[in-house]
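Below is one structure, written out as structure tokens; comments come after it.
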Amino acid sequence: MKLMGVINLDHELDQLKELTYFRAGAAVPFAGRYRLIDFALSNMMSAGVQDIALFVRRKYRSLLDHLGEGRPWDLDRKRGGLFVLPPDWNDPTDISSGDLQHMHNNRDFFDRSSGEYVVHAGSQHLSKVDFCDLAEQHKASGADVTVVYKHVDLLEPEHDACFRVDVDENGFVNGIHNEKGHHNLYIELFIMEKGLFMQQMEYCIAHGDSYFFRDAILRNPSGLKIAGYEYKGYHAVINSVESYYKNSLELLDQEKYKQLFSPEMPVHTKIKYEAPTKYLEGADVKNSLVANGCLIAGEVEGSVLFRGVKVEKGAKIINSIIMQKCVIEAGAIVENVIMDKDVQLSENRTLVGDSRKPYVIAKRSIL
Amino acid sequence: MKKKEMIAMLLAGGQGKRLKGLTKSLAKPAVYFGGTYRIIDFPLSNCTNSGIDTVGVLTQYEPLVLHSYIGVGSDWDMDRKNGGVFVLPPHEREDGSSWYRGTADAISRNLKFIDQYDPEHLLVLSGDHVYKMDYTKLLDYHKEKGADCTISVINVTLEEAPSFGMINTHEDLKIYEFDEKPKQPKSTLASMGVYIFKWDVLRKYLVEDIDTPDSESAHDFGKDIVPKMLADNLSLYAYPFQGYWRDVGTIPSLWEANMDLLNDAPELNLNDPNWRIYTRNPNEPAQYISPQAKLKNCMVNEGCSVYGEVDRSVLFYGVEVGEGSVITESVIMPEVKIGKNVRIHRAIVDQGKVIPDGTVIGADRGDDSEIILVNGDTPY
């Protein structure tokens with residue numbers, strides 16, 4: 001069964017404040033050396049998906065820089081591979097709107113691919129769904145569409161925005177809605193046969209719709225048979241500063257870390273050639289995730305350090321996320337802070353946020 | 001093929017016998033160094049950083065790891081349309097076949113490869129050393145001197161001299177003698193195994209050497225080619241290199257060079273963004289340091305999880321250090337799993353080794369005790 005992938009960022013809101021002022025949510029750095037998009041791409045890579053379209057509308061500069069021609073995900077292929085498809089559309093007869101614009105204007109991608117099924121994903125839900133297993137279940141069930149959901153016991157504020165899925169005893173979906181108390185979260189992942197996908201797309205466009213998932217699947221005007229696929233592994237939704245902070249620090253829990261970075265489904269990212277991290281005299285690092293290229297002479301606790309961070313003597317970093325190439329000078333104290341790339345914090349400064357509302361420092365600030 | 005001013009030939013066929021168990025199924029240039037690198041990353045990265053985009057890598061001993069490691073060379077930016085990196089093992093020819101008989105023979109057997117680029121100069125490198133060097137400066141010097149051959153040299157002590165190929169020069173650094181491992185050294189300038197030759201000059205010597213019977217020639221640069229050039233009064237110069245250079249050909253020297261990296265400001269700076277050392281990235285997640293862990297004066301790579309104590313040590317990728325374990329003055333190669341309450345002192349632990357709970361290796365020994373190699377042959 002050959003799969004093709006769509007990663008659709010069109011309906012994703014960039015609500016990570018300073019972190020998404022100049023980049024799409026999908027390009028936000030995560031877990032010390034990744035960007036959020038890496039997880040969806042790596043899942044597709046693990047399932048052998050070789051034709052992937054990325055629908056982006058705005059703030060995609062850093063995404064383009066990160067993805068390149070897709071080499072880290074083995075997507076630099078002679079046939080197929082990664083297609084980053086920003087909006088440059090010049091079809092005067094185009095009457096489509098919303099994410100259907102991407103689909104209409106990139107019909108060639110669908111037509112040319114030899115994929116039989118379309119796996120449609122976003123970047124805000126981090127998961128380790130096995131797409132091969134999903135495709136097999138989809139085929140076996142005889143459904144037209146299979147949507148993936150996760151049963152979440154404890155609902156968190158970031159789940160408010162998620163669709164919910166009602167599933168009957170046979171695993172078929174009899175309702176998709178937004179009732180906030182409901183525990184079956186739709187994780188923005190569905191699979192559909194390509195021909196049917198294209199047909200539904202045409203139908204939506206013809207009826208002036210603007211949101212494929214909502215208008216073709218949730219409202220289901222064609223009476224599609226929708227199956228539910230329950231996913232039970234690692235899951236996180238990152239759609240706010242608070243959820244970003246919380247889910248980043250939750251990776252310090254080794255159980256979660258091992259689920260997200262299981263060796264069977266490795267996560268790939270753009271390669272940087274940094275030396276291993278050096279712990280110098282005076283380093284005191286506890287309960288933290290640290291990427292390569294760091295030079296640490298100070299104290300770090302309960303934090304995530306990205307590549308190439310410098311922590312000088314006597315500096316203290318507590319419960320914070322420090323991104324690439326930040327410098328925390330001697331004696332400075334950082335607590336409950338998310339520091340974007342290339343920030344320089346000068347000697348003996350103190351920056352303390354609230355544990356419920358971390359303090360976000362914009363890229364390249366000097367403080 | 002487009003003409004190139006200079007291309008490089010990298011001698012990577014050596015076994016490195018003195019590294020004992022580490023080179024059992026691995027050529028010496030593929031031996032790990034510095035938490036993430038293999039030795040060959042240094043000359044390859046130096047080439048890339050010096051703008052040399054065509055490199056022939058001469059392999060012979062246990063080449064499997066080396067061949068797959070180099071691949072198409074993309075990690076060193078050497079996947080090029082014109083040039084790039086080429087792995088050149090010995091091959092069969094019309095007039096028979098044999099192994100590379102010596103360093104010079106390895107080059108002689110690949111004249112066709114070099115001739116394709118019609119270079120003016122040939123850079124000959126060894127895959128055995130750890131150093132950062134700008135070869136363009138060496139080439140400038142070579143051209144300025146109008147030399148037929150320039151040998152890069154480094155100052156060593158008189159005590160160290162007998163283990164190197166020593167270069168004896170006049171005051172103007174013109175070489176008059178190449179003294180291979182002398183008992184009574186006359187200078188302190190050791191050859192670094194880095195040569196630039198005028199290609200048309202070297203080519204003649206190689207063509208002559210290839211037909212010289214083995215009884216008269218070891219087909220070696222140091223023993224045969226360079227002495228012959230000197231005897232013919234050619235113009236050979238020494239280029240004094242300043243900087244860190246180490247032959248990591250023995251267990252103690254490999255260990256020591258790793259320890260050198262742990263200084264606060266090491267001589268070999270691996271964090272210089274203008275002179276990156278490129279390597280194949282194992283793509284491991286960020287390292288996890290537990291609440292109980294203690295780390296100082298150490299180098300730790302991605303994919304490690306540390307629950308114990310690590311001091312003055314280098315951990316390669318994917319190493320686990322269990323709770324209550326103490327690792328001191330050691331080099332732990334990739335994917336070694338160290339159980340709980342293990343004590344390791346002054347050791348090199350080879351790739352993939354599993355050290356069971358409670359094992360004690362080399363602890364309670366003095367600070368000058370021998371370095372222990374822990375590999376597949378060791379009982380624990």
Side-chain angles (χ1 to χ4, degrees), chain A residues 29-34 38 42 45 71-73 76 248 251-254 256-258 260-263 266-297 300-310 313 325, chain B residues 33-37 41 45 48 74-77 79 258 261-266 268-273 275-307 310-319 335:
Chain A
F30 188 71
R33 60 192 291 273
Y34 303 92
D38 293 343
S42 299
M45 181 183 173
R71 187 167 208 150
W73 305 271
D76 53 332
S248 293
L251 289 176
L252 297 175
D253 171 355
Q254 275 294 280
K256 289 219 155 158
Y257 174 91
K258 281 179 180 154
L260 184 58
F261 297 110
S262 62
V267 186
H268 291 268
T269 189
K270 182 180 173 183
I271 300 298
K272 299 268 165 75
Y273 295 87
E274 295 277 1
T277 278
K278 266 181 83 173
Y279 297 85
L280 307 168
E281 188 70 44
D284 183 6
V285 181
K286 286 185 164 47
N287 193 31
S288 293
L289 282 182
V290 183
N292 271 353
C294 297
L295 293 171
I296 306 174
V300 182
E301 200 183 332
S303 297
V304 179
L305 303 192
F306 282 71
R307 295 185 272 209
V309 169
K310 282 198 183 91
K313 255 200 167 82
K325 298 215 156 81
Chain B
F33 173 80
T36 192
Y37 310 97
D41 289 333
S45 302
T48 275
S74 54
D75 284 299
W76 304 271
D77 226 0
D79 49 336
N258 274 288
L261 297 170
L262 303 178
N263 299 331
D264 273 10
L268 185 72
N269 177 9
L270 298 172
N271 294 86
D272 179 0
W275 205 273
R276 283 246 178 271
I277 303 303
Y278 298 101
T279 183
R280 178 70 67 91
N281 190 301
N283 189 48
E284 296 273 343
Q287 51 196 269
Y288 171 69
I289 311 300
S290 90
Q292 303 80 32
K294 272 190 197 150
L295 294 144
K296 60 174 180 163
N297 302 315
C298 59
M299 231 172 145
V300 181
N301 199 347
E302 286 168 342
C304 288
S305 34
V306 182
Y307 295 84
V310 183
D311 190 7
R312 286 159 292 147
S313 296
V314 175
L315 309 190
F316 282 73
Y317 62 85
V319 169
E335 285 154 345

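Throughout, a chain's letter reflects where its sequence line sits, starting with A, and its residues are numbered from 1. No experiment lies behind these values; they were computed from the predicted model shown.
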Side chain, backbone, both or neither: which part of V290(A) has a heavy atom under 4.5 Å from chain B? both
Under 4.5 Å heavy-atom distance to chain B, tell me which part of A31(A) shows up: side chain, backbone, both or neither. backbone
Counting heavy-atom pairs under 4.5 angstrom with chain B, the leader among E274(A), K286(A), K272(A) is K286(A)
Could you tell me whether the side chain of N297(B) and the main chain of E281(A) form a donor-acceptor pair under 3.5 Å? yes
Report which part of E284(B) has an atom under 4.5 Å of a heavy atom belonging to chain A: side chain, backbone, both, or neither. backbone
Given heavy-atom pairs under 4.5 angstrom as the criterion, report whether the side chain, backbone, both or neither of Y34(A) touches chain B. side chain
What part of L261(B) gets within 4.5 angstrom of chain A, counting heavy atoms only: side chain, backbone, both, or neither? backbone
Measure distances from S290(B) to the heavy atoms of chain A and classify the residue's part below 4.5 Å as side chain, backbone, both or neither. backbone
Residue E301(A) versus chain B: region with a heavy atom under 4.5 Å: neither
Heavy-atom proximity to chain A below 4.5 Å, by part of F316(B): neither
Pick one of side chain, backbone, both or neither for L251(A), based on which atoms fall under 4.5 Å of a heavy atom in chain B. neither
With a 4.5 Å limit on heavy-atom distance, are the side chains of N283(B) and R33(A) in contact? yes
I'd like to check the side-chain hydrogen bond (donor to acceptor under 3.5 Å, both in side chains) partners of N271(B); sequence neighbours left out, ordered by chain and number. none
For Y273(A), what residues pass the ring pair (Phe, Tyr, Trp, His ring centres under 6.0 Å) criterion, not counting sequence neighbours? Y278(B)
Residue part contacting chain A, namely of D75(B), when any heavy atom lies under 4.5 Å: both
Starting from the C-alpha separation in whole Å, work towards a yes-or-no answer on side chain to side chain contact (heavy atoms under 4.5 Å, CB included) for D284(A) and K296(B). CA-CA 7 Å; D284(A) 183 6; K296(B) 60 174 180 163; over 6 Å; no
